[in-house]
Asker: 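The structure is given below, and queries will be raised subsequently.
All figures in this text were calculated on a predicted structure; none of them were measured in a lab. To find a chain, count down the sequence lines: A is the first, B the second, and so on, and within it residues start at 1.
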Amino acid sequence: MKDIGQYNHKDIEKAYSKSWAEEALYSVKEPSSERRFSVVIPPPNVTGSLHMGHALNVTLQDVLCRWHRMLGKDVVWVPGFDHAGIATQYVVDRQLQERGINRLDIGREEFLKKVWEWVPLSRRAIREQLEKLGVSVDWFRERFTLDEGFSRAVRHAFRKLYEEGLIYKGEYMVSWCPKDVTALSDLEVEHEEEDGKLYYIRYPLEDGSGFVLVATTRPETMLGDTAVAVHPEDERYKKLIGKKLKLPLVDWKRRAMDGSEVPPIIPIVGDERVKPEFGTGVVKITPAHDPVDFEVGRFHGLPFVQVMDAFACMNDNAGDFAGLDRYLARKKIVERLEELGFLERVENHRHAVGKCYRCKTVLEPMVSTQWFFKVSDPRIKETAKRVVRDGLIRFIPENWSKIYMQWVENLKDWCISRQIWWGHRIPVWYCKDCGHENLFTDEDFDRVYDKLIFNLIADGKIKEEFTPEEVASHLNSPSFVHPEFTVLDFYKKFVFYRYHSTEVDANSLRLFFTQDLNPMAILTEKKSRYKYNPHQKTYRFILRCKNCGSENLKQEEDVLDTWFSSALWPLGTFGWPEHSPDLKNLYPTDLLVTGFDIIFFWVARMVFMGTFFMKEVPFRDVYIHALIRDEKGQKMSKTKGNVIDPLEIMEKYGADSLRFTLAVLTQQGRDIKLSEKRFEGYKHFANKLWNAGRFILLNLDSDLLSNLPYSAPPRAEDLWITTKLNKTARVVNEALSEYDFSEAARELYEFVWSELCDWYIEFSKLRLYAKPEENLTEEERRVQEEKIRAERITVQAMLLGVFEKTLRLLHPFMPFITEKLWQELPTAHGRSISLVQYPHFNEQEVYEEAERRVERLKEIIGAIRSLRSDLRIEPSKKIRLFYKARESLKLVEEFMPHILSLARLESLQEVFVLPERAVAGFSEDFEFFVPLEEGIRLEELISSYSRRLQELEKQLTSLEEKLSNENFLRRAPEEEVDRARIMLEELKREKLKVEELLLALRRASSP
RNA sequence: AGGCGCGUAGCUCAGUUGGCAGAGCGCCUCCCUUACAAGGAGGAGGUCGGCGGUUCGAGUCCGCCCGUGCCUACCA
């Protein structure tokens, strides 16, 4: 007997989100490889805080992880964060700009320091949000895509791919963002339809015999034209092939990328790629600024003239227009062309423009030297197709595998270099003497210290010139692998675990360097790795060219595409490239949950890396969920101001309501339209559950458990609710195993609200509040009291048992409220509801007979309530009722107290003749009569019955038609025909009944 | 230009081998009944986008069309 008061989500959620993390409840040190269930979180970007999409993503994962954990699995769910190259650089850059600081002014090193200051802030904020959401991740395994371990994994992966010939460097056409000043991969280009212009320009023939007319959408690129192309079979222009044109405007020197001078006299070439039907059938060729022209230029050996710089400003090759922004240049060039009579006409033209997916700047195709991952290689591409085709990886819903396959089929090589600062710097050092391209990873060094120092330098943690003290202090600073690690801890645990004896401090380091520099070491090693500077007292770590031995090396400036490291996420988080126990036990993961927008960016690329390096898929099931949109179906974005912040929602409605709402809304479609109202509805549900718990706890005797063996046998409603709950458990388990979150959640909602609260709890009050009759003898009274006591114990045990099981079923969806309520129950044992067994279907607990009787009882009570309502009898008014029944007779007698209570009757008496002056209702064979009193209004009832009659007539007509259709009788299955016949009989009986009642009512209402 | 999805109650959506159209919210009526007014009881509301086909029978399977959203694509 205790009162837990009113539902207050804030207190509950705050207490548990903290204690779960502090107790490391979801940390599994040594998972068994057979019973494990392993998942890696799609790492959120450290660009700010979580949005609703993240909330959905982690909620679904948490539901599944909690479910599997309760099914007895060793669930390891690895959390972590993505350094998010361009995105994070963009965020920090903007912050600096607001303080009037320019990134280019302070330089790379200083800027990266600022980013490293920002990262922990964002990381902490997101971590807190995840905890608030109640995610059951193993925080001891937290990782970051730019932590020491990942950097090492990335260098290792780069090296292997490079050595296998799967990474190459080359000069190609790439999409270039002039705002972020970097190359982008094809995937990072967003195409958008825009209204533009098509300019028709005259290019005069060199011999003065006329001109050809070319059409272009980007006239500014004409300054870089080095040819004009026509289709070789085009009758109009065929004869012009080989002739020369004078490029308008250009009367200055242009230099090609190879340094040669390019005259403004350009050839007309024939090329199949030209479509005669577009424009004039003549196309200008700018090999350095258009992807197709690039191909054409290479094919015909044309010079490449760049006319723009990295910021999309015109360069020296643009002569008079040098220094102008591309759009200003376009305007000026068009004006000049018009002045000089080269512009024939301008048409409106709608076309697709490529934009940067981050900053939406219109991209410029540029020729530049970039690094590529040769994903078109069969070792990558064919494997990636095979694992899905053969079902080693399963997409849910299934149709995404088709989309995946199509994309992989059309793969082009992936540009992985970025000209930004924030990210994994490419581990390549160029020799300034012989030009050799050197690739270094710590595997190039034998000694532990060398490996260590190399990694620190490669990660930019120490400078090339350093002191042992600096190294030691860095090693003892916090690691980015995990906030509670030092850098040294990390190296010991993951990298150098084979060398446990290695103690690293300033002294041993100094000793190491001294030894390294002594004459003996130099003799044995030929050349020392370290150069000592006696003035500065610093050491320099020496890399030597693998070709010529020169020490004059310079590291590649470019960093890797952020997705290159994310692609290693399911490997790196488990310690790869080391053969760690985690890698052995937890790879491949069992499940990946993500949105369809990153199937190509991330999912496919994890498949590339996983299958290549591990010879095994990175995950088995890929559950693809919808994207969150606002109530109008628009994407949520800060600029539109239509975001619904999960933090605000949790504050107002609670994490449990947020989670349950998202689970219910997770249909297999493509998007979820969200409005704040949805959360309100499910907060009511949480409240309902709370109050059910409150009711039960209020009515439990404090000594219940010790009295348990002694009790009265269960009643029909007990068996009924047991069956219902059992069936609910079956549906929920089945739904979850099919990733049908919505079905599982709705089923639970339905059970809690419509069965448990609406009916069972109401029924339970009969026994809980039972009192002995009055005017009894002492003896009789004692017997009755004993019986009531026994009944009370039974119903309390039932309530307790049913509720406890319900909480367990609900726990994956609403972890906080279920934990709290469960802990309040006298049966609570162990640390947490999340560690006890999940209920499953039990064949023994199906009581069909009891279930049918109680369902029938509900119908009867419903019919009486309906009549009361039609007669406008106030709910609080108890009425006298008379009834007639045949098959239902026993049932009515058995459940007399239930009917009296739930239908709010003063009495229910059987009669054998129709009462005079009474209005009636029925439910099948159960007929009942309310004595007609003054003030009872019949109109509503009459119209209610009239509507019912109409409906019946409609159904009857269609049924009769069906049954008179010979084809139906002949061809439909027998049971179908029988069902129709039975229904016809029932409808006819009901119709007679309704007509009879209507007649009586009409008589009564018009005296 | 190809590909994928969606059109069912006022709104958001369920509807699993074809066999009597459902839920939540909203709306209407009545009630603050000792867990819960964040509640209880009852109720209204639908030619399942359109046309055609298969079938005894179609929201469900097939075809075409209309509307709508998204993804992919080098059309100057």
Asker: Side chain to side chain donor-acceptor pair (under 3.5 Å) with A/Lys355: which of A/Glu190, A/Glu194, A/Glu188, A/His191?
Answerer: A/Glu194
Asker: List for me each residue that meets side-chain contact (heavy atoms from CB on, under 4.5 Å) alongside A/Gln955, sequence neighbours excluded, and say none if there are none.
Answerer: A/Glu951, A/Leu987
Asker: Quantified in whole Å, what is the P atom distance between nucleotide B/G10 and nucleotide B/U47?
Answerer: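 So the two P atoms sit 8 Å from each other.
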Asker: Indicate whether the side chain of A/Tyr172 and that of A/Asp413 have a donor and an acceptor atom separated by less than 3.5 Å.
Answerer: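 Per modelled atom types, A/Tyr172 and A/Asp413 side chains form no pair under 3.5 Å.
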Asker: Return the value, rounded to whole Å, for the distance between atom NZ of A/Lys954 and atom C1' of B/G46.
Answerer: 10 Å
Asker: May I ask you to check whether A/Tyr200 and A/Glu347 show a side-chain donor-acceptor distance below 3.5 Å?
Answerer: yes
Asker: If you measure from the C1' atom in B/G15 to the same atom in B/G24, how many Å do you get, rounded?
Answerer: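 Going atom to atom, C1' in each nucleotide, I get 15 Å.
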Asker: How many Å lie between CZ on A/Arg970 and P on B/G57, as a whole number?
Answerer: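 Those two atoms, CZ and P, are 12 Å apart.
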Asker: Write down the distance separating the C1' atoms in B/C28 and B/G69, rounded off to the nearest Å.
Answerer: 35 Å
Asker: From CG of A/Leu689 over to C1' of B/G39, roughly how many Å is that when rounded to an integer?
Answerer: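 Whole-Å distance recorded here is 15 Å.
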Asker: Under 4.0 Å, heavy atoms only, any strand: does A/Asp758 hit a base, just the sugar-phosphate, or nothing?
Answerer: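 Answer is sugar-phosphate: A/Asp758 comes under 4.0 Å of backbone atoms only.
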Asker: Pick the C1' atom in B/G52 and in B/U12, then give their distance to the nearest Å.
Answerer: 32 Å
Asker: Taking the P atom of each, how far is B/U16 from B/G22, in whole Å?
Answerer: 14 Å
Asker: Once you apply a heavy-atom cut-off of 4.0 Å, does A/Ile761 come out as touching a base, just sugar-phosphate, or nothing?
Answerer: base
Asker: B/A41 phosphate, OP1 or OP2: any side-chain N/O from A/Arg868 under 4.0 angstrom?
Answerer: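 Answer is no, no contact under 4.0 Å.
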Asker: What is the distance, rounded to the nearest whole Å, between atom CG of A/Asn699 and atom P of B/C36?
Answerer: 11 Å
Asker: Using a 4.0 Å heavy-atom cut-off across all strands, classify A/Tyr769 as base, sugar-phosphate, or nothing.
Answerer: sugar-phosphate
Asker: Take the protein atom CD of A/Gln796 and the nucleotide atom C1' of B/A35, then report the distance between them rounded to whole Å.
Answerer: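 Those two atoms, CD and C1', are 15 Å apart.
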Asker: Got a sec, which residues hit side-chain contact (heavy atoms from CB on, under 4.5 Å) with A/Asn967, two or more places apart in sequence or on another chain?
Answerer: A/Asn965, A/Arg970, A/Arg971
Asker: Any chance you could list the contact pattern along nucleotides 18-33 of chain B? Use B for base contacts, S for sugar-phosphate-only contacts and - for none, protein heavy atoms under 4.0 Å, 5' to 3'.
Answerer: -BB--------SBS--
Asker: Under 3.5 Å for both pairing distances: what stems, at least three Watson-Crick or G-U pairs long, include RNA chain B?
Answerer: B:1-7 with B:66-72, B:10-13 with B:22-25, B:27-31 with B:39-43, B:49-53 with B:61-65
Asker: Can you label the angle between the A/Trp690 ring and the A/Tyr7 ring as parallel, tilted or perpendicular, going by 30° and 60°?
Answerer: tilted
Asker: Check the distance between B/C71's P and A/Tyr357's OH and give it to me in whole angstrom.
Answerer: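 Value for this atom pair: 15 Å.
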Asker: Within 45° of the six-membered ring axis of A/Tyr199 and under 6.0 Å from that ring's centre, is NZ or CZ of A/Arg330 located there?
Answerer: no
Asker: Rounded off to whole Å, could you give me the CG-to-C1' distance for the A/Asp597 and B/G5 pair?
Answerer: 15 Å
Asker: Does B/G43 have OP1 or OP2 sitting under 4.0 Å from an N or O in the side chain of A/Ser866?
Answerer: yes
Asker: At 4.0 Å (heavy atoms only), tell me whether A/Gln406 reaches a base, stays on the sugar-phosphate, or touches nothing.
Answerer: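 Sugar-phosphate only.
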Asker: Using atom P in both nucleotides, what's the gap between B/U54 and B/C62 to the nearest angstrom?
Answerer: 15 Å
Asker: Between B/U17 and B/C13, how many Å separate the two C1' atoms, rounded to a whole number?
Answerer: 23 Å
Asker: If only side-chain N and O atoms count, and only distance matters, is there a donor-acceptor pair under 3.5 Å linking A/Ser657 with A/Lys652?
Answerer: no
Asker: Check side chain to side chain donor-acceptor pair (under 3.5 Å) between A/Gln6 and all other residues, then give those that pass, not counting sequence neighbours.
Answerer: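 For A/Gln6, no residue satisfies side chain to side chain donor-acceptor pair (under 3.5 Å) once neighbours in sequence are set aside.
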Asker: Report yes if the side chains of A/Ile721 and A/Phe763 come closer than 4.5 Å at any heavy-atom pair, otherwise no.
Answerer: no
Asker: Considering only atom P, compute the distance from B/A21 to B/G5 and round it to an integer number of Å.
Answerer: 28 Å
Asker: Any idea how A/Tyr682 and A/Phe660 line up, ring-wise: parallel (<30°), tilted (30 to 60°), or perpendicular (>60°)?
Answerer: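 Rings of A/Tyr682 and A/Phe660: tilted, as their planes differ by 30° to 60°.
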Asker: May I ask you to verify whether the side chain of A/Glu762 and the base of B/A35 hold a donor-acceptor pair under 3.5 Å?
Answerer: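 Checked by distance alone, the answer is yes.
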Asker: Measure CD/A/Glu398 against C1'/B/C4 and give the value in whole Å, please.
Answerer: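 Distance check: A/Glu398 CD to B/C4 C1' gives 14 Å.
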Asker: Would you check if the distance from the ring center of A/Trp400 to the ring center of A/Phe395 is below 6.0 Å?
Answerer: no
Asker: Would you say A/Asn399 reaches B/G5's phosphate, i.e. side-chain N/O to OP1/OP2 under 4.0 Å?
Answerer: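 Answer yes for this pair, as a side-chain N or O of A/Asn399 is under 4.0 Å from OP1 or OP2.
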Asker: Could you list the protein-to-nucleotides 73-76 of chain B atom pairs, N/O on both sides, closer than 3.5 Å?
Answerer:
from	atom 1	to	atom 2	distance (Å)
B/C75	O2	A/Lys275	NZ	3.3
B/A76	OP2	A/His349	NE2	3.3
B/A76	O2'	A/Ala215	O	3.2
B/A76	N6	A/Lys275	O	2.7
B/A76	N6	A/Phe278	O	3.4
B/A76	N1	A/Lys275	N	3.3

Asker: Is the shortest distance from a Lys or Arg side-chain nitrogen in A/Glu906 or A/Lys878 to a carboxylate oxygen in the other one below 4.0 Å?
Answerer: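 Between A/Lys878 and A/Glu906 there is no salt bridge, as every charged N stays at least 4.0 Å from the carboxylate O atoms.
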